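Let me begin by presenting the structure, written as C-alpha cells, before commenting on it.
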Amino acid sequence: MTHKAIDCLVNVHFGEAESQPTWMLKVRDDYFKGPESMFAPVDLGELLEEMDEQGVQKAILMDSLVKPSTTARKFIAAQPDRFALAMGGVNLLRPVQPLRELSAVVNDLPVAYAMVGPSFWGDGQYPPSDAVYYPLYAKCAELDLPLCVNTGIPGPPIPGEVQHPMHLDRICVRFPELRLCMIHGADPWWDVAIRLLIKYSNLRLMTSAWSPKRLPENLLHYMRTRGQNKVIYASDWPVLKMRRVVPEALALDLPATVLDNYLYNNAQEFFFGGQEER
C-alpha cells in the first residue's frame, strides 16, 4: 500500500443509543440512503480491519461532554496510537462549567479538536458570529485546541443559514490565534469557503460526509493550486464507509503530493502538530 490516511471524523457512538432521533433516521433514509446497520454497535476489530485495509493510520472519534461515548473511550484505551477524540457538547448558553470540563478532558485524553454544529443546537438561532460562541473560541485558542464548525446546508430538516461560511469571516479576524476548520464541506457556498481559506492562514476545510467523487471542481482546482495545505479528508464513518471514500479519493485528478496532503499530511499538521505517530 503506497498511501496513508487520517480519518478525521468517525462515529462509533451511534450504537450506544436505544433509538435515534427522527432527524437522524431521515438523514440515513432520505439523504444518504444508508443501511439499517448504520446505527449498529461498532466492533473494534472490524473497524481496525477496515482502517488497515484502507491505509488509515489514525481515526478521530466523535465524543460529547453531555453524554460521553463509552465506545470511543474504550477504543482510545485499547489503541491509543490509532485513535483520538473530537469533543462536542459545550453548552454555549452556560459555558463556564462546560469549558472547565473541556479543559479537564483535554488534559486527560488525546483530544484532536473541539466541535460545534450551529444548526444542531439552540434551534439554529445562533450563527458562529454570535457572542455566545466567544467563550468557546477563547478557550480553544488558550488551549491551542483546533475547533471544527459545521458549514454548508445540513442534511437534516433543520435551519441551515447559520452554517453559511461567511459567519466565520469576523471570527478569523477577531481570533487569529484560533485554529479553525469548516467541516462537512460548504455546499452550496463552496466559492465563499475557498475565498475565506485564501484569506485566512488559520482556517481549514474538512470534506467529511462528502463522497470525494462528488466534490466540486472549484474545490479540486483550489487543492491543486493555492490550497494544497488547506483541505482535509474525513469520511463521517459509518455514514460513508472508508472502503468507499478512500478509493474515491485515490481516483481524484490530483497530483500525488496534493493527494498525500489531503489524505494525511494536512490533518497531521493541523490536528496533531505535525508529529508523526509512534
Side-chain angles (χ1 to χ4, degrees), residues 8-14 16-17 21 58-151 158 162-163 167-168 170-184 200 202-204 206 208 232 234 267 269-275:
C8 295
L9 203 161
V10 171
N11 303 282
V12 299
H13 63 283
F14 287 161
E16 296 172 1
K58 186 186 287 280
I60 301 176
L61 311 179
M62 298 300 98
D63 201 356
S64 173
L65 295 175
V66 175
K67 188 177 181 181
S69 169
T70 56
T71 305
R73 304 289 177 96
K74 180 176 68 175
F75 287 7
I76 288 280
Q79 294 282 340
D81 292 335
R82 302 298 299 274
F83 298 112
L85 294 176
M87 293 303 305
V90 174
N91 181 352
L92 301 179
L93 299 179
R94 296 288 187 273
V96 174
Q97 184 58 34
L99 292 177
R100 287 174 179 159
E101 294 173 5
L102 177 63
S103 297
V105 172
V106 170
N107 286 334
D108 292 341
L109 294 169
V111 178
Y113 61 83
M115 64 180 301
V116 65
S119 288
F120 292 83
W121 76 277
D123 296 326
Q125 298 181 68
Y126 303 98
S129 52
D130 194 284
V132 297
Y133 290 83
Y134 281 29
L136 176 62
Y137 298 153
K139 177 57 68 174
C140 287
E142 176 188 330
L143 296 173
D144 194 26
L145 178 68
L147 176 65
C148 290
V149 179
N150 288 36
T151 47
I158 54 180
V162 292
Q163 296 193 170
H167 291 298
L168 300 179
R170 193 177 303 273
I171 304 314
C172 290
V173 171
R174 291 184 173 174
F175 295 88
E177 305 88 352
L178 175 63
R179 286 188 282 160
L180 191 62
C181 183
M182 299 175 277
I183 60 174
H184 294 342
Y200 296 113
N202 59 325
L203 186 62
R204 301 291 187 273
M206 186 193 298
S208 47
I232 294 170
E269 184 275 330
F270 194 68
F271 293 127
F272 300 102
Q275 298 176 1

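Reckoned from all heavy atoms, side chains included, excluding hydrogens, waters and symmetry mates. All residue numbers in this chain count up from 1 along the given sequence. Bear in mind that the values here come from a model prediction, so they are computed numbers and not experimental data.
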- What do the steps show when you test L136 against L92 for side chain to side chain contact (heavy atoms under 4.5 Å, CB included), and what is the final call? CA-CA 7 Å; L136 176 62; L92 301 179; 4.0 Å; yes

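- Between the side chain of N91 and the backbone N or O of L93 there is at least one donor-acceptor pair closer than 3.5 Å.
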- Task: Report the C-alpha separation of L9 and M62 in whole Å, then their side-chain angles, then the decisive distance to 0.1 Å, and conclude whether the side chain to side chain contact (heavy atoms under 4.5 Å, CB included) test is met.
- Result: CA-CA 7 Å; L9 203 161; M62 298 300 98; 3.6 Å; yes

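- Checked by atom type, the side-chain pair R174/Y134 shows a donor-acceptor distance below 3.5 Å.
- Once rounded to the nearest 0.5 Å, the distance linking SG of C148 with CZ of F271 reads 4.0 Å.
- The side-chain heavy atoms of S69 and F75, taken from C-beta on, include no pair separated by under 4.5 Å.
- The CD1 atom of I60 sits 9.5 Å away from the CG atom of L85 when rounded to the nearest 0.5 Å.
- Across all non-hydrogen atoms, the minimal contact from L203 to C181 is CD1-N, 4.5 Å.
- Residues meeting the side-chain contact (heavy atoms from CB on, under 4.5 Å) test with P135, sequence neighbours left out: P95, L99.
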- Would you check, one step at a time, whether the test side chain to side chain contact (heavy atoms under 4.5 Å, CB included) holds for Q163 with F120? CA-CA 10 Å; Q163 296 193 170; F120 292 83; 3.8 Å; yes

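- No donor-acceptor pair under 3.5 Å is formed between the side chain of Y133 and the backbone N or O of I171.
- In this structure, R73 and P68 approach most closely via the heavy-atom pair NH2-CB, 3.6 Å.
- Rounding to the nearest 0.5 angstrom, the gap separating the CG atom in L178 from the SG atom in C140 is 6.5 Å.
- Distance check: C8 SG to M206 CE gives 5.0 Å after rounding to the nearest 0.5 Å.
- Side-chain atoms of E177 never come within 3.5 Å of backbone atoms of A141 as a donor-acceptor pair (strictly under, hydrogens ignored).
- Listed by chain and residue number, nothing satisfies the salt bridge (Lys or Arg N to Asp or Glu O under 4.0 Å) test with D130 (two or more places apart in sequence, or in another chain).
- Closest of all the heavy-atom pairs between V66 and G89 is CG2-O, 3.3 Å.
- The number of heavy atoms from other shown groups lying within 6.0 Å of CG (D108) is above 12.
- Scanning both residues, C172 and L180, for their nearest heavy atoms gives SG-CD2, 4.0 Å.
- By the salt bridge (Lys or Arg N to Asp or Glu O under 4.0 Å) test, E142 pairs with K139, sequence neighbours left out.
- Donor-acceptor pairing under 3.5 Å is recorded for the side chains of S208 and H184.
- For the atom pair CE of M87 and CG of L147, the computed distance is 13.0 Å after rounding to the nearest 0.5 Å.
- Checking each of V149, I232, N150, T151 against I183 for a side chain to side chain contact (heavy atoms under 4.5 Å, CB included) leaves exactly one that passes, namely N150.
- When all heavy atoms are compared, the tightest approach of V162 to Y126 is CG1-C, 4.0 Å.
- Considering CZ of F175 and CG of N202, their distance stands at 11.5 Å, rounded to 0.5 Å.
- Minimum interatomic distance between S103 and L143 (heavy atoms only, all atoms of both residues): OG-CD1, 3.9 Å.
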- Task: Begin with the C-alpha distance, continue with both residues' side-chain angles, and end with the deciding distance and a verdict on side chain to side chain contact (heavy atoms under 4.5 Å, CB included) for V10 and V12.
- Result: CA-CA 6 Å; V10 171; V12 299; 4.0 Å; yes

